[in-house]
Amino acid sequence: MERVSPWLLLVVLLVAAASGRSARGDPQVPCYFVFGDSLVDNGNNNDIASLARANYPPYGIDFPGGATGRFSNGLTTVDAISRLLGFDDYIPAYAGANNDQLLSGVNFASAAAGIRDETGQQLGQRISFGGQLQNYQAAVQQLVSILGDEDSAANHLSQCIFTVGMGSNDYLNNYFMPAVYATSRQYTPEQYADVLVSQYTQQLRILYNNGARKVALMGVGQVGCSPNELAQQSSDGVTCVARINGAIEIFNRKLVELVDQFNTLPGAHFTYINAYGIFQDIIRLPGANGLTELTKGCCGVGRNNGQVTCLPFQTPCANRNEYLFWDAFHPTEAANILVGRRAYSAAQPSDVHPVDLQTLARL
């Protein structure tokens, strides 16, 4: 048998590596910016005086970097989306980002944040959506400096994808917390949704006025099915809390109208990701996705493991890929990947309105 030259082997390996790189290619968009709350926070709350932090084990038990501040055992939804968009690295937290990272996008999300400034205040410091927009505006000024002028920055930003997921805490840590907040006495669910959407519209206009053109609004999920709400308000610990989910459905319906409204603006490509419906689908057919436990946190304390979130160094469940929820409020990596996939490539027409993220990237 003829001996193969080691040099020839080296050339073959180098060619294979190069072709692998070109096959993967560049990301589908040059940049991805993230706004939101604890569902997608990846470390912005780590160094502020807040109870809403996740920079300790067992959080991150399945993430390569360990406990980074992500409220999950592993990937968040936006981590899954960033991979699907073709980014080699996860989008970094704004709190520790450098200029080079700003060019490819950063994550402004902050746990306990809401559309309303007071939302989540019982948990200490957090960066509300208004605060996240201020950080974004500062980042835009840095991009103008890096790229040389405003036109270059505007052209760059017009190609980026922006995902915005706000509203969960305006219900969970505001409207449905009457001992701390008066909003449920001031407004009916319909009125409250109107007040939220009115403020959200003004905030999103700031985003648009500062260069955002491809914007995906993540709808609020089924908060009434979280282990925390099941523990506190469900008689059998299994049946979702209809009062909470009903209020959220009103808000989500108004987000669809909001998307249509923004799409009348020059160059705007807004879309709605139906996280509520996607979650509902996962709960309806859990076996199809390998999930067996839908009502309990993988770690936590009390009924449904939902009365207190994961304690530092607590031992979580071993079969994490079978759990829908990681803790009292937040999904597991397994669930986040399912939602991320359907946001990127809709499995049903009802998953998105009007387009999925894969299509949005091409527009």
Does the [X] side chain pair with the main chain of [Y], one donor and one acceptor, at a distance under 3.5 Å?
X      : Y      : value
Gln348 : Arg342 : no
Thr271 : Val259 : no
Ser82  : Phe87  : no
Gln314 : Gly300 : yes
Asn274 : Gly219 : no
Asn169 : Gly114 : no
Gln132 : Gly36  : yes
Asn304 : Gly237 : yes
Gln191 : Thr188 : yes
Tyr192 : Asp170 : yes

>> Quick check on Arg341: does its CZ atom have over 12 non-hydrogen neighbours (other residues, nucleotides or ligands) under 6.0 Å away?
In response: no
> In this structure, are over 12 heavy atoms from other groups packed under 6.0 Å from Glu150 atom CD?
Replying inline: no
>> Run Phe279 and Phe325 through ring-ring contact (aromatic ring centres under 6.0 Å, His included) and show every step you take.
In response: CA-CA 11 Å; Phe279 220 74; Phe325 287 97; 5.8 Å; yes
> For Phe71 and Phe329, what are the C-alpha separation, side-chain angles and deciding distance, and is it a side chain to side chain contact (heavy atoms under 4.5 Å, CB included)?
Replying inline: CA-CA 9 Å; Phe71 286 74; Phe329 304 100; over 6 Å; no
How far does [atom1] of [X] sit from [atom2] of [Y], to the nearest 0.5 angstrom?
X      : Y      : atom1 : atom2 : answer
Cys160 : Arg213 : SG    : CZ    : 11.5 Å
Thr77  : Leu338 : OG1   : CG    : 9.5 Å
Glu333 : Thr76  : CD    : OG1   : 9.5 Å
Cys298 : Leu324 : SG    : CG    : 11.5 Å
Leu363 : Lys214 : CG    : NZ    : 6.0 Å
Leu133 : Leu204 : CG    : CG    : 7.5 Å

Parallel, tilted or perpendicular: which describes the rings of [X] and [Y], with under 30° parallel and over 60° perpendicular?
X      : Y      : result
Phe108 : Tyr94  : tilted
Phe162 : Phe33  : parallel
Phe35  : Phe129 : perpendicular

>> If the threshold is 4.0 Å, N to carboxylate O, is there a salt bridge linking Lys254 and Glu190?
In response: yes
> Does a side-chain heavy-atom distance below 4.5 Å link Ser168 with Leu39?
Replying inline: yes
> Do Cys225 and Glu229 come close enough that some side-chain heavy atom pair is under 4.5 Å?
Replying inline: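 Of all side-chain heavy-atom pairs linking Glu229 with Cys225, none is under 4.5 Å.
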>> Please evaluate residues Phe262 and Leu265 with respect to the criterion side chain to side chain contact (heavy atoms under 4.5 Å, CB included), reporting the C-alpha separation (whole Å), side-chain torsions for both, the decisive distance (0.1 Å), and the verdict.
In response: CA-CA 6 Å; Phe262 268 94; Leu265 296 174; 3.5 Å; yes
> Do Cys299 and Cys317 have their SG atoms under 2.5 angstrom apart?
Replying inline: no
> Just by distance, with hydrogens left out, do Thr119 and Gln121 show a side-chain donor and acceptor under 3.5 Å apart?
Replying inline: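 On atom types as modelled, these side chains do not qualify, holding no pair under 3.5 Å.
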>> For the residue pair Glu249 / Asn245, report whether a side-chain donor-acceptor contact shorter than 3.5 Å exists.
In response: no
> Between Tyr59 and Arg70, is there a cation-pi geometry (under 6.0 Å to ring centre, at most 45° from the normal)?
Replying inline: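 No cation-pi geometry.
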> Does the ring of Tyr181 carry Arg116 above it, NZ/CZ under 6.0 angstrom from centre and within 45° of its axis?
Replying inline: no
> In chain order, what residues pass the side-chain contact (heavy atoms from CB on, under 4.5 Å) check against Asp236, with sequence neighbours excluded?
Replying inline: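 For Asp236, the residues satisfying side-chain contact (heavy atoms from CB on, under 4.5 Å) (neighbours in sequence not counted) are Ser234, Val238, Thr239.
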> Side-chain heavy atoms under 4.5 angstrom apart, residues restricted to Ile, Leu, Val, Met, Phe, Trp, Tyr: same cluster for Val106 and Val40?
Replying inline: no
> Yes or no on side chain to side chain donor-acceptor pair (under 3.5 Å) for Gln203 and Thr201, after CA distance, side-chain angles and deciding distance?
Replying inline: CA-CA 5 Å; Gln203 292 167 330; Thr201 302; over 6 Å; no
>> Set out, in order, the CA-CA distance, both residues' side-chain angles and the distance that settles side chain to side chain contact (heavy atoms under 4.5 Å, CB included) for Gln233 and Arg243, then state yes or no.
In response: CA-CA 10 Å; Gln233 302 193 50; Arg243 185 171 60 97; 2.6 Å; yes
Solution key, residues 134-145 side-chain donor-acceptor pairs under 3.5 Å, sequence neighbours excluded:
{"residue": "Tyr136", "atom": "OH", "partner": "Asn210", "partner atom": "O", "Å": "2.7"}
{"residue": "Gln142", "atom": "NE2", "partner": "Asn99", "partner atom": "OD1", "Å": "3.2"}
{"residue": "Ser145", "atom": "OG", "partner": "Gln141", "partner atom": "O", "Å": "3.3"}

>> Using the rule given for side chain to side chain contact (heavy atoms under 4.5 Å, CB included), can you reason through Asp79 versus Asn336, listing the C-alpha separation, both sets of side-chain angles and the distance that settles it, and then say yes or no?
In response: CA-CA 9 Å; Asp79 290 327; Asn336 285 332; over 6 Å; no
> Could you give all pairs that pass the side-chain hydrogen bond (donor to acceptor under 3.5 Å, both in side chains) test and reach residues 41-53, with sequence neighbours left out?
Replying inline: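 Residue pairs passing side-chain hydrogen bond (donor to acceptor under 3.5 Å, both in side chains), neighbours aside: Asn42-Asn107, Asn45-Ser110.
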> Could you go step by step and tell me if Thr309 and Asp327 meet the side chain to side chain donor-acceptor pair (under 3.5 Å) rule?
Replying inline: CA-CA 6 Å; Thr309 58; Asp327 66 9; 5.2 Å; no
> Taking all non-hydrogen atoms of both residues, which atom of Cys310 and which atom of Pro58 are closest, and how far apart?
Replying inline: CB-CG, 4.1 Å
